[in-house]
Every structure is written in C-alpha cells, then in structure tokens.
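The structure presented is a predicted model; accordingly, all values stated were derived computationally and were not measured.
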Amino acid sequence: MVIAIGLEGSANKLGIGIIKDGQVLSNPRVTYITPPGEGFLPSETARHHQAEIINLLEKSIKEAKVRPEEIDVICYTKGPGMGAPLVSVAVVARTIAQLWKKPIVGVNHCIGHIEMGRHITGAKDPTVLYVSGGNTQIIAYSQKRYRIFGETIDIAVGNCLDRFARILKLSNDPSPGYNIEQLAKRGKKLLALPYVVKGMDVSFSGLLSFIEEKAETLKREYTPEDLCFSLQEAVFAMLVETTERAMAHTGSQEVLIVGGVGCNERLQEMMNRMCEERQAKLFATDERFCIDNGAMIAQAGSEMYSAGMVTSPWEETFCTQRYRTDEVEVVWRND
C-alpha cells in the first residue's frame, strides 16, 4: 500500500495532493489569478507559487492526517509547463525528499492527467482527448506508450479560449474558460468561424486571428454571449471530429476527456453525442480532477513507483518545459 504526495505547479494552478493506494486523502489547490484582460507571466506565477507552497504543503498533510514518515514517495511535475513555476515547485519537492529521506519521482504532467482520469472514471483503454491551457492532444495507448494520434499544430485550445477572453475583457476568476462557458449558454446567434482540421491535427491560431482582427466590428453585430457560443461550437467540433477519427483508427469504444478544458459541459455534451452514435462510452471528471491538481501527480507517481520507476541519480530530478507524452515508457500497464 503506497502513500504518495504529488506537487503540481506547471502553470497558474498550484496543488499538493496525497494518495493512499488510489484513495485521495487530500488535494488542496490555489490559483494565481490576474486582472481581466491579462495573462499570467512565468516570473509572477513562480513568485505566487513560492509564496503559497509551504502553507499548502502543511494544509495537504493536515487534511490527509498522515505524518511525513508515513509517506513512501515524493512526486513532482517534471514537465511540460512554464519553466519558472515548474522549477519553484521542484525545488520544494527535492528539499522534502532529502529532509524526509524519501525517493523522488518526476512525473509527466500529461500522463498525470491520463492516469488520474483512468483511475477516477474506471476507463479501461480509452481514446484520450487531453485539452488544457498548454496542451491539445488526441492520445491512445499502444505497446507501453501513450501515442499521440493528433494534436494542435499551433496554440492549445485552452490558450485560444484565454486569449479570446482577453479580447472581451472577461474576468480570470475563477478562470477565463469557465466564464466563456457560462456566457455561451445564453448565446443565440451563431457566427461562422474558421474551421481548421488537417488530418488528425487541429489549428486554432487562424480562428483567433480572425476574431482579433474583426473584434470591434463583431462586437457591434454580436453580443458577448453570441461570440462565446460561436467560439465553443467551432473549436469543440474540431476536437470531436479528430477524436472520432482516432477512435475509428484504434477501434476504441471509450473516450476519456482530461485537462482543464475537459470540465466544459458543452464539450462533454458534444463528445457524448458522438459516442452514442458509435455505441461508445464517454468518461470525464469534474473540476476537482480535470483541472491541474496535486493528486493526479501523486497517482501517476505512485503507479510509476510501484513499477520500480524512481528518478535517479539526483541530477535527473530536473524540469523540462518540453516533455512529450509519448517519451515516457508506461511500464506500469500490463495490457
């Protein structure tokens, strides 16, 4: 029975979670929120994480009701993500690993999402749609790797939503994507937007440029609700199309949506309709686990640790902003 602590801070969410044999004991999280119309810079985000992480660590341990000596392994996000925030969290992970004399495991952020999603939903061998602020990938497992079947060729869908929110000066609290989703529910007039699918890949930069260039004109003809509605319909349709194509290729009858954008109920609704037409099943999680969190790093890390994967020597406990999902050998899966 493994008790693992996971530290996640690859973007503006800082989370520390503790898992005991698959059971979530604690999973507190804090978010760095910027003023409307502004994004979050790596240096400022890192300072936020540095200021919050010790209190969050204490809170996580207190909620879990475990002592440091009971923890078996320290897990941290090795990448991908923003450099300065990643390093800020990794320093704390390395420090407590030495203080508590525990092994350390560097976890791929994307695989953290996948393994947590599989664990929580019970999905066996799904086609995975991973959608977040920094990543957009269609993934399927094969021969000890999570293979990337398709992905964005420019910006991630979450980044597209964030930048669109800045155009409309929407609040970043609790997140731009959430506020777009709520406005979109009241949208009635559909604006035709560029729809770019290239084989298994998608592109969002042209769509975003179209909106940026015509923003003032569009605001006179369409309400913010209409624009949010139109954006969601276009980008989510692209994601559903490419996911269905991957399912056809792999013969999969399951879809798992992970990542922060995966909380969006309209995306889940559109994907579920496609799944029903294929007699397939959709799996998704709520905001506790689809948004970046520490428990997902602990879950993936505990799987790796149980399979004998420990990050060593010490020089290997670094961070990397570019860490592909398919770089990791998935030795903990036996199928």
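With sequence neighbours excluded, the residues forming a side chain to side chain contact (heavy atoms under 4.5 Å, CB included) with Leu86 are Ser10, Thr77, Cys319, listed by chain and number. Not counting sequence neighbours, the partners of Cys290 by the disulfide (SG to SG under 2.5 Å) test are Cys263. The side chain to side chain contact (heavy atoms under 4.5 Å, CB included) search around Ala165 returns Leu170, Pro176, Ile180, not counting sequence neighbours. Remark: Phe283 pairs with no residue by the ring-ring contact (aromatic ring centres under 6.0 Å, His included) rule, at least two apart or across chains. In this structure, Glu276 has no salt bridge (charged side-chain N to carboxylate O under 4.0 Å, His left out) partners at least two apart in sequence or on a different chain. Thr31 meets the side chain to side chain contact (heavy atoms under 4.5 Å, CB included) test with Asn12, Lys13, Ile33; sequence neighbours excluded. For Gln279, the side chain to side chain contact (heavy atoms under 4.5 Å, CB included) partners two or more places apart in sequence, or in a different chain, are Gln253.
The shortest distance between side-chain heavy atoms of Ile96 and Leu7 falls below 4.5 Å. No side-chain heavy atom of Met116 sits less than 4.5 Å from a side-chain heavy atom of Val258. In this structure, Gln23 and Leu25 have side chains that are in contact, with non-hydrogen atoms separated by less than 4.5 Å. For the pair Arg94 and Trp314, the minimum side-chain heavy-atom distance is below 4.5 Å. Counting heavy atoms from C-beta on, the side chains of Ile53 and Val89 come closer than 4.5 Å. At least one side-chain heavy atom of Arg266 sits under 4.5 Å from a side-chain heavy atom of Glu233. Counting heavy atoms from C-beta outward, Leu129 and Met271 have side chains that approach closer than 4.5 Å. Side-chain contact check for Glu254 versus Lys124: some heavy-atom pair is nearer than 4.5 Å.
Nearest approach of Thr325 to Ile111, heavy atoms of both residues: O-CD1, 3.7 Å. Scanning both residues, Ser230 and Lys189, for their nearest heavy atoms gives OG-O, 3.4 Å. Nearest heavy atoms, Pro68 versus Trp100: CB-CE2, 3.5 Å. Closest heavy-atom contact between Gly112 and Ala300: CA-CB, 3.8 Å. Minimum heavy-atom separation, Arg324 to Gln137: NH1-NE2, 4.2 Å. For the residue pair Met304 and Trp332, the shortest heavy atom distance occurs at CG-CZ3, 3.4 Å.
Side-chain polar atoms of Lys185 and Gln182 form a donor-acceptor pair below 3.5 angstrom. No hydrogens or angles considered: a donor-acceptor pair under 3.5 Å links the side chains of Tyr146 and Arg333. Looking only at atom types and distance, the side chain of Asn135 has no donor-acceptor partner in the side chain of His113 under 3.5 Å away.
Of the possible donor and acceptor atoms, one in the side chain of Lys102 sits under 3.5 Å from a partner among the backbone N and O of Ile71. Checking side-chain atoms of Asp72 against main-chain N and O of Ile3 turns up a donor-acceptor pair under 3.5 Å. The backbone N or O of Arg147 sits nowhere less than 3.5 Å from a side-chain atom of Asp326 that would complete a donor-acceptor pair. Between the side chain of Glu277 and the main chain of Met274, no donor-acceptor pair closer than 3.5 Å is present. With hydrogens and angles ignored, the 3.5 Å screen pairs no side-chain donor or acceptor of Ser26 with any backbone N or O of Gly17. When atom types are taken as modelled, the side chain of Thr250 and the backbone of Ser252 share a donor-acceptor pair closer than 3.5 angstrom. In this structure, the side chain of Ser60 engages the main chain of Ile16 through a donor-acceptor pair within 3.5 Å.
Annotation: side chain to side chain donor-acceptor pair (under 3.5 Å) contacts involving residues 172-181, sequence neighbours excluded, comprise Thr34-Asn172. Screening residues 158-170 for side chain to side chain donor-acceptor pair (under 3.5 Å), with sequence neighbours left out, gives Asn159-Arg163. Applying the disulfide bond (SG atoms under 2.5 Å apart) rule to pairs touching residues 61-99 yields nothing, sequence neighbours excluded. Residue pairs meeting the ring pair (Phe, Tyr, Trp, His ring centres under 6.0 Å) criterion with at least one member in residues 199-257, sequence neighbours excluded, are Phe149-His249.
Ile139 and Ile120 end up in the same hydrophobic cluster when Ile, Leu, Val, Met, Phe, Trp and Tyr side chains are linked at under 4.5 Å. Ile61 and Ile297 fall into different hydrophobic clusters, defined by Ile, Leu, Val, Met, Phe, Trp and Tyr side-chain heavy atoms under 4.5 Å apart, directly or through other members. Under a hydrophobic-cluster definition in which Ile, Leu, Val, Met, Phe, Trp and Tyr are linked whenever side-chain heavy atoms come within less than 4.5 Å, directly or via other members, Val73 and Ile19 are assigned to the same cluster.
Put simply, OG1 on Thr223 and CG on Leu168 are 9.5 Å apart, with the number rounded to the nearest 0.5 Å. For the atom pair OG of Ser302 and CD1 of Ile5, the computed distance is 12.5 Å after rounding to the nearest 0.5 Å. In this structure, Arg29 CZ and Glu8 CD are separated by 10.0 Å, a value rounded to the nearest 0.5 Å. Note: Ile257 CD1 to Asn264 CG = 9.0 Å, rounded to the nearest 0.5 Å. Remark: Met296 CE to Asn27 CG distance equals 9.5 Å, nearest 0.5 Å. Separating the CD1 atom in Ile104 from the CD atom in Glu316 is a distance of 12.0 Å, to the nearest 0.5 Å.
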For this session: Check the pair Asn108, Glu327 against side chain to side chain donor-acceptor pair (under 3.5 Å), reporting the backbone distance first and the verdict last.
Result: CA-CA 9 Å; Asn108 179 288; Glu327 284 183 48; over 6 Å; no
Could you give me the CA-CA distance, side-chain angles and deciding distance for Glu241 and Tyr195, then say whether side chain to side chain donor-acceptor pair (under 3.5 Å) is met?
CA-CA 11 Å; Glu241 178 185 334; Tyr195 183 97; 2.5 Å; yes
Distance-only check: which donor-acceptor pairs under 3.5 Å involve side-chain atoms of residues 38-50, not counting sequence neighbours?
from  : atom 1 : to    : atom 2 : distance (Å)
Glu44 : OE1    : Tyr32 : OH     : 3.1
Thr45 : OG1    : Leu41 : O      : 2.7
His49 : ND1    : Thr45 : O      : 3.4
His49 : NE2    : Ala11 : O      : 2.8
Gln50 : NE2    : Ser88 : OG     : 2.9

